Amino acid sequence: MSKVFIATANAGKAHEADIFSITACNSFTISCSGDGYLKLWDNKLLDNENPKEKSYAEFVHKTGLHHVDVLQTIEKDAFEMCLVATTSFSGDLFFYRITRENGSKKVIFEKLDLLSADMKKNSFWALKWCASNDRLLSHRLIATDVKGTTYIWKFYPFEDQTGSSSPDWKPVLELQGTIVSPMTPNQFATCVDISERGLIATGFNNGTVQISELSTLRPLYNFESQHSMINNSNSIRSVQFSPQGSLLAIAHDSNSFGCITLYETEFGERIGSLSVPTHCSQTSLGEFAHSSWVTSLSFNDSGDTLCSAGWDGKLRFWDIKTKERITTLNMHCDDIEIEEDILAVDEHGDSLAEPGVFDVKFMKKGWRSGMGADLNESLCCVCLDRSIRWFREAGGK
């Protein structure tokens, strides 16, 4: 299988500080940064438009933001809902409803107060929305905290979640419960994901991944990094279920290298790893996916391709069936189209010629505008040079 991805747009100096996370929905690409801002980037751009000309910013918290996710759905009576959740370095969890002013393209950020006073005392880290395709079942929000607890909430957008006939917008977060693993006491819960099959994966800084059942919140089994017993650096950087939920991809450290391991989720068996040959004297041939940490993973909509983002300034695409690398995209600061937005060195004078990638997300076909958008896969990423880059597959099916 062969794929070629081409650049379609970019925004240099998209934030005033490092951009740690990115997510996307049909309407927007959404980024969050250490500068404390959420930014929305309109997905429906003309070919000659600068992404900055259709971006919208909201200041959230002075400590900066590090995780963001979005829930965009069509509810009853064609009610469109777009909710953004983000976490700050203070440990706070923030919610915003995104709407457009009637008869205008102006974007409105409506801050929502969804957490109880006691819940606000926790220090949250990673988060993930899960949309329900069944209107009889609630949406879910999953979040981890720095003490290793995973929180699960049911989300209801209307007052009628208890049977009332009122159609009024009144969002409610109802705590379903928490998961605390006896295998990971007081370990930092670094990342989280939820599958279509009702499984939750929580990754920890000690190299452990815990799989739990959404319906019962019962831990099912644990995966341990194959390097966790021999190396000091083994943190789990990203966990990602395939769209069908049958596979789980795990990004973890091995000293300064980045590894990707695949597991099937029915029995929790390891089915292999993704790697490229390396001739480094410190390692065996073909053991690592990136020459530096793997910071993020994202499956495409069909689940046959996985994209990995590396601190080595590369995006790598993997064929899940053959477990082989399809192609590699190399980031370079000079990729940015507007010259004054190129950031070639950081505040310490260190080179950003090949900036590391913080986060990457595949986007559904049709979310982006432009030639071939309905037929081609697309994705977005954020890099250490404070840029956002958009790509799409050349050709397509």
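Here the structure is a predicted model, which means the values were calculated and not measured.
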Partners meeting side-chain hydrogen bond (donor to acceptor under 3.5 Å, both in side chains) with [X] (sequence neighbours left out):
{"X": "K13", "value": "none"}
{"X": "K154", "value": "none"}
{"X": "E354", "value": "none"}
{"X": "T73", "value": "E75"}

* side chain to side chain contact (heavy atoms under 4.5 Å, CB included) assessment of D253 paired with C259 -> CA-CA 6 Å; D253 300 347; C259 305; over 6 Å; no

Under a 3.5 Å cutoff, is there a donor and acceptor pairing between the side chains of [X] and [Y]?
{"X": "T178", "Y": "T149", "answer": "no"}
{"X": "Q187", "Y": "T208", "answer": "no"}
{"X": "W293", "Y": "S256", "answer": "no"}
{"X": "T87", "Y": "W125", "answer": "no"}
{"X": "Q210", "Y": "S212", "answer": "yes"}

Minimal non-hydrogen separation, [X] against [Y], with atom names:
{"X": "A201", "Y": "V209", "result": "CB-CG1, 4.3 Å"}
{"X": "P355", "Y": "L352", "result": "CD-O, 3.2 Å"}
{"X": "L297", "Y": "S238", "result": "N-OG, 3.3 Å"}
{"X": "A289", "Y": "V294", "result": "CB-CG2, 4.4 Å"}
{"X": "S88", "Y": "T63", "result": "CB-OG1, 3.7 Å"}
{"X": "T295", "Y": "V357", "result": "OG1-O, 2.5 Å"}

Spell out, as yes or no, whether a donor-acceptor pair under 3.5 Å connects the side chain of [X] to the backbone of [Y].
{"X": "T328", "Y": "R316", "result": "no"}
{"X": "S369", "Y": "L45", "result": "yes"}
{"X": "E264", "Y": "E269", "result": "yes"}
{"X": "S33", "Y": "Y37", "result": "no"}
{"X": "D69", "Y": "W129", "result": "yes"}
{"X": "N122", "Y": "F124", "result": "no"}
{"X": "W367", "Y": "F28", "result": "no"}
{"X": "R197", "Y": "Q244", "result": "yes"}
{"X": "D319", "Y": "E324", "result": "no"}
{"X": "S31", "Y": "I22", "result": "no"}

* Asked: Does the side chain to side chain contact (heavy atoms under 4.5 Å, CB included) test come out yes or no for V276 and W318, once each step is laid out?
  -> CA-CA 10 Å; V276 293; W318 308 87; 3.7 Å; yes

Nearest 0.5 angstrom please: [X] [atom1] to [Y] [atom2], how far?
{"X": "H15", "Y": "F20", "atom1": "NE2", "atom2": "CZ", "value": "11.0 Å"}
{"X": "S296", "Y": "D359", "atom1": "OG", "atom2": "CG", "value": "4.0 Å"}
{"X": "L329", "Y": "L379", "atom1": "CG", "atom2": "CG", "value": "7.5 Å"}
{"X": "H252", "Y": "N206", "atom1": "NE2", "atom2": "CG", "value": "13.0 Å"}
{"X": "C333", "Y": "I342", "atom1": "SG", "atom2": "CD1", "value": "6.5 Å"}
{"X": "S378", "Y": "K365", "atom1": "OG", "atom2": "NZ", "value": "10.0 Å"}

* Asked: Side chains of L141 and K128: closer than 4.5 Å at any heavy-atom pair?
  ->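 The answer is no; the side chains never approach within 4.5 Å.
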
* For the residue pair R392 and R368, establish whether any side-chain heavy-atom pair is separated by less than 4.5 Å. =>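 SC-SC contact between R392 and R368 ruled out.
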
How about [atom1] on [X], more than 12 heavy atoms from neighbouring residues, nucleotides or ligands closer than 6.0 Å, or not?
{"X": "E196", "atom1": "CD", "value": "no"}
{"X": "K111", "atom1": "NZ", "value": "no"}
{"X": "E339", "atom1": "CD", "value": "no"}
{"X": "E16", "atom1": "CD", "value": "no"}
{"X": "K44", "atom1": "NZ", "value": "yes"}

* To do: Tell me, with the steps shown, if T202 and T150 meet side-chain hydrogen bond (donor to acceptor under 3.5 Å, both in side chains).
  => CA-CA 7 Å; T202 306; T150 302; 3.0 Å; yes

* **Stepwise salt bridge (charged side-chain N to carboxylate O under 4.0 Å, His left out) test for K62 and D35** => CA-CA 7 Å; K62 63 183 180 180; D35 61 11; over 6 Å; no

* **Set of salt bridge (Lys or Arg N to Asp or Glu O under 4.0 Å) partners for E347, sequence neighbours left out** =>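 Counting only residues at least two positions away or on another chain, E347 forms a salt bridge (Lys or Arg N to Asp or Glu O under 4.0 Å) with R386.
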
is_close_aromatic([X], [Y]), centroid dist under 6.0 Å:
{"X": "H66", "Y": "F89", "result": "yes"}
{"X": "F223", "Y": "Y263", "result": "yes"}
{"X": "F5", "Y": "F317", "result": "yes"}

* To do: Start with the C-alpha distance between F299 and F241, add both sets of side-chain angles, then the distance that settles side chain to side chain contact (heavy atoms under 4.5 Å, CB included), and finish with yes or no.
  => CA-CA 8 Å; F299 277 99; F241 285 106; 6.0 Å; no

* To do: Could you state whether L71 and Y151 fall into the same hydrophobic cluster, counting links through intermediate Ile, Leu, Val, Met, Phe, Trp or Tyr residues with side-chain heavy atoms under 4.5 angstrom apart?
  =>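 Same cluster.
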
* Asked: Do L114 and F109 belong together in a cluster built from hydrophobic side chains that touch within less than 4.5 Å?
  ->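 No, no single cluster joins them.
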
* **Summary of ring-ring contact (aromatic ring centres under 6.0 Å, His included) pairs that have at least one residue in residues 325-350, sequence neighbours excluded** =>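 Matches after skipping sequence neighbours: none remain.
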
* Looking at W153, does the NZ or CZ of R140 lie under 6.0 angstrom from its six-membered ring centre and within 45 degrees of the ring axis? ->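 No, cation not above the ring by the 6.0 Å, 45° rule.
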
* Between R237 and W311, is NZ or CZ placed under 6.0 angstrom from the six-membered ring centre and within 45° of the ring axis? ->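 R237 over W311 ring: no.
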
* To do: Kindly assign one of parallel, tilted or perpendicular to the pair F94 and H61, based on the angle between their ring planes and the thresholds 30° and 60°.
  =>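 Ring orientation, 0 to 90° scale: tilted.
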
* Could you go step by step and tell me if N10 and R389 meet the side-chain hydrogen bond (donor to acceptor under 3.5 Å, both in side chains) rule? -> CA-CA 4 Å; N10 56 65; R389 290 167 165 85; over 6 Å; no

* Under the side-chain hydrogen bond (donor to acceptor under 3.5 Å, both in side chains) criterion, do D118 and S116 qualify, and how do the steps go? -> CA-CA 5 Å; D118 286 341; S116 67; 5.6 Å; no

